[in-house]
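Read the structure below first, then the notes.
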Amino acid sequence: MKKIISYLLVVILIIISSLKLRADEGMWLPILLETLKIKDMQAKGCKLSAEDIYSVNNASLKDAVVIFGGGCTGELVSEKGLLITNHHCGYGTIQKHSSVEKDYLTNGFWAMSQEEELSNPGLSVKFLVRMEEVTDAVLKDVSETMTEVMRHEKISANIDTLIKQATKGNQYLAVVESMFLGNNYYLFIYEEYKDVRLVGAPPSAIGKFGGDTDNWMWPRHTGDFSIFRVYADKDNKPAEYSADNVPYKPKKFFPISMKGVKEGDFTMVFGYPGSTTEYLTSYAVKMISENENPHQIKLREKRLEIMKADMDASDKVRIQYSSKYAGIANYWKKWIGENRGLKKLDAIEKKEALEEDFTKWANSSPELKAKYANILPEYKKLYSQLSPYNLALTYFFESALAIEIIQFSNKFNRLKTHNSETLKNNKESMLNTSKSFFKDYNMPTDKKVFISLLKMYKENVPTEFLPKIYKLIETKYNNDYQAYADFVYSKSVLSNEEKSNAFINNFTTKSIKKLENDPAYQLSNSFIEMYMEKVKPYFETINNQIDSLHRHYMKGLMEMQSDKIFYPDANFTMRVTYGKVDDYYPRDGVHYKFYTNLDGIMEKDNPEIYDYDVPDKLKELYINKDYGQYEVDGSVPVCFTASNHTTGGNSGSPVIDADGNLIGVNFDRNWEGTMSDIMYDPNQCRNITLDIRYLLFIVDKFAGASHLIDEMTIIK
Ligand code: ARG
Ligand code: ASP
């Protein structure tokens, strides 16, 4: 009897722990919270209703969350359009305003009045007006017997119609996105505000503290935030930048709670996760982890090594390349962590086990067999066909298109027109492109990258994917990449700002010949030609077939696990993810606390290293324990970890407490959890949040910008 009881106890414990295990995974569409998730959220401490979070009729939290620029999230924190996002999300903008004389990257920037706020052409924020499921309208007249190409065409046409209807007579933007790999479709309507000004950014030694060494890591001490303000016209409507614009008055903004977090507290992250692929098969995970990631890592490593040496040697180059470097380093490191995490988690074996279940289930009845039994064998075949094209594609993007002169040359195609009006406009836009390209271009750095990456391409890609130009490199330059580079960079008009601009200014249809004979353009063109002929069509054909399998496999999985609540992969649409403030055990014998504080910053202080060189002012505050109202237990809290399932794009997302108040700004994930885009592990995956009290402390005590704090609603 005792044995039976203890056996039962073990079984119950396993069930409970497996329920618990799955608890925090998922990125939920806000309109589905009411039916799918709000009960569970409330059971875990959330005091909000689904309507408080997302409502079309009343102001709700969703009205305070925006898409910031092209790939981040931001949140409104005052009735005067004040917005918080990450430092690394505002980084490109801060970098653009910086020069050796006005080095905002190193020194930070604070507008002490609205007049001092800096405008940013090209930067916008988008508010979600509403979302709606439109599956029936998108799949209208689509039949299962259609070819994938016909299906795509029909779907595109239906989507066009929907978008036209949704944007008729208003100034909204509309997009339709597929969910569950083509099984469902949702329409998203946005209102875009284009006058977004920089208000404040801490020095990099705070906003990017720890740099790439600490990136994707816990324990973390990065004050990763920057502050902007959204402007509108006099009617509070979107307008291009104008000195007459006024601060935007949002429907909703977040009150800020200084109450802090305890272990186990409910947290929610509201934002725009960019992309996850949680439903891939073992074949895909294998291709990514064994082939794609290792090559991408190797290529970026080379690029980073070259850039770093030149950045360390010159302040000018450091400023020119800092933003590019951070972008390249970010995913380089992420892929390393992802591969490590997938391996530790036995992701491929876990996928295989699920596939075995699927195969059994799919063969369990004639109906299921007809619909699903073929999927996995087909996947296997298609991924083995895809693999070489995937490698060529990886190299095309991560080596050829990583060479700046190739990217730039490619842009000149827009001048190859015989229409004089188009040419006139395109010359103008090309001059702008040229201006921003050369502002951050250091030719000697690019030349070194060029030499290394062209060589790596040749060494790693099957010969069928070698562009014709390699013949010339072989016959004329005897495979001496240095000699070939000397030729390209000295003879091309595109590697020099003056020559380039003169060429653009004087461009006529007669110049097309000259462009086509330019060595940099020829190189770029040779890669594009190869890609268009030898890679793209095959890659797309195979991928179309894979897409069809994805759709059916997803449907099958949902049918097989009919009691599981599925979430759609992230696709840069608004999502809510929730979990709790949580510590973790990264490896045997090691326990990580869930929070860090200012003392930890001082521990890492190292004036010798740019990324760890704590600013004097911060040291002074520390020495004098001048923490004001931000003091907690003799220090200032800096970051905390929680179990919210987040990904790239969630950067800058509001981290919200059970009452809907802002308690932090999401900015990263931990090293042990970087595989969460492919497989989430509740024991190891943590999102990293900047504690809002550190942000307030820096704004108030460090920068002396207390007028910004006065604008916010602070709950103590
Ligand atoms: N890893 C974070 C994210 O993916 C932060 C990246 C910015 N920081 C950096 N050192 N590159 O966006
Ligand atoms: N740092 C990421 C971002 O930029 C967030 C993440 O990947 O967790 O969105």
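We count ligands from 1, going down the list as the structure has it; atoms in each ligand are counted the same way. The basis for the numbers below is simple: all heavy atoms, side chains too, and nothing from hydrogens, waters or symmetry mates. Just so you know, these numbers come straight off a predicted model, no measurement behind them.
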Margin query: Geometry only, no angles: is F667 polar-contacting ligand 2 at N/O separations under 3.5 Å?
Written below: yes

Note to self: Can you name the atoms of ligand 2, numbered from 1 with element, that are less than 4.0 Å from a heavy atom of W216?
What the structure shows: 7 (O)

Margin query: Using a 4.0 Å cutoff against the non-hydrogen atoms of N650, which atoms of ligand 2 qualify?
Written below: 9 (O)

Notebook entry, point to check: Would a line drawn from the ring center of F594 to the ring center of F640 be shorter than 6.0 Å?
Noted result: no

Notebook entry, point to check: Does N86 reach the main-chain N or O of D224 with its side chain, forming a donor-acceptor pair under 3.5 Å?
Noted result: yes

Checklist line | For F437, ring-ring contact (aromatic ring centres under 6.0 Å, His included) partners two or more places apart | finding: F408, Y441

Check: Ring centres of F667 and H88 under 6.0 Å apart?
Finding: no

Margin query: Would you say the ring centers of F209 and Y612 fall short of 6.0 Å from each other?
Written below: yes

Checklist line | Whether F225 and W110 hold their rings parallel, tilted or perpendicular, with breakpoints at 30° and 60° | finding: tilted

Check: If you draw a 6.0 Å radius around NZ in K334, do more than 12 non-hydrogen atoms from other residues or ligands fall strictly inside?
Finding: yes

Checklist line | Proximal ligand 2 atoms for G649, defined as those under 4.0 Å from one of its heavy atoms | finding: 3 (C), 9 (O)

Checklist line | Atom indices of ligand 2 within 4.0 angstrom of H88 heavy atoms, with elements | finding: 1 (N), 3 (C), 4 (O)

Notebook entry, point to check: Is the shortest N/O to N/O distance between R669 and ligand 2 below 3.5 Å?
Noted result: yes

Check: Is N330 touching ligand 2 with its side chain, its backbone, both, or neither, if touching means heavy atoms under 4.0 Å apart?
Finding: neither

Notebook entry, point to check: Backbone or side chain, does any N or O of C72 fall under 3.5 Å from an N or O of ligand 2?
Noted result: no

Measure from every N or O atom of ligand 1 to the protein's N or O atoms and keep only the pairs below 3.5 Å, writing each with atom names and distance to 0.1 Å.
from, atom 1, to, atom 2, distance (Å)
ligand 1, 1 (N), N215, OD1, 2.7
ligand 1, 1 (N), N330, OD1, 2.9
ligand 1, 1 (N), D668, OD1, 2.8
ligand 1, 1 (N), D668, OD2, 3.4
ligand 1, 4 (O), N330, OD1, 3.4
ligand 1, 4 (O), N330, ND2, 2.9
ligand 1, 10 (N), D212, OD1, 2.8
ligand 1, 11 (N), D212, OD1, 3.2
ligand 1, 11 (N), A326, O, 3.2
ligand 1, 12 (O), H88, NE2, 2.9

Notebook entry, point to check: Do Y248 and F127 have their ring centres less than 6.0 Å from each other?
Noted result: yes

Check: Are L105 and Y91 close enough that some pair of their side-chain heavy atoms sits under 4.5 Å apart?
Finding: yes

Next item on the list: Identify the protein heavy atom lying closest to atom 4 (O) of ligand 2, giving its residue, its atom name and the separation to 0.1 Å.
Entry: S651 OG, 2.4 Å

Next item on the list: Return yes when atom NZ of K351 has more than 12 non-hydrogen atoms of other residues, nucleotides or ligands closer than 6.0 Å, and no otherwise.
Entry: yes

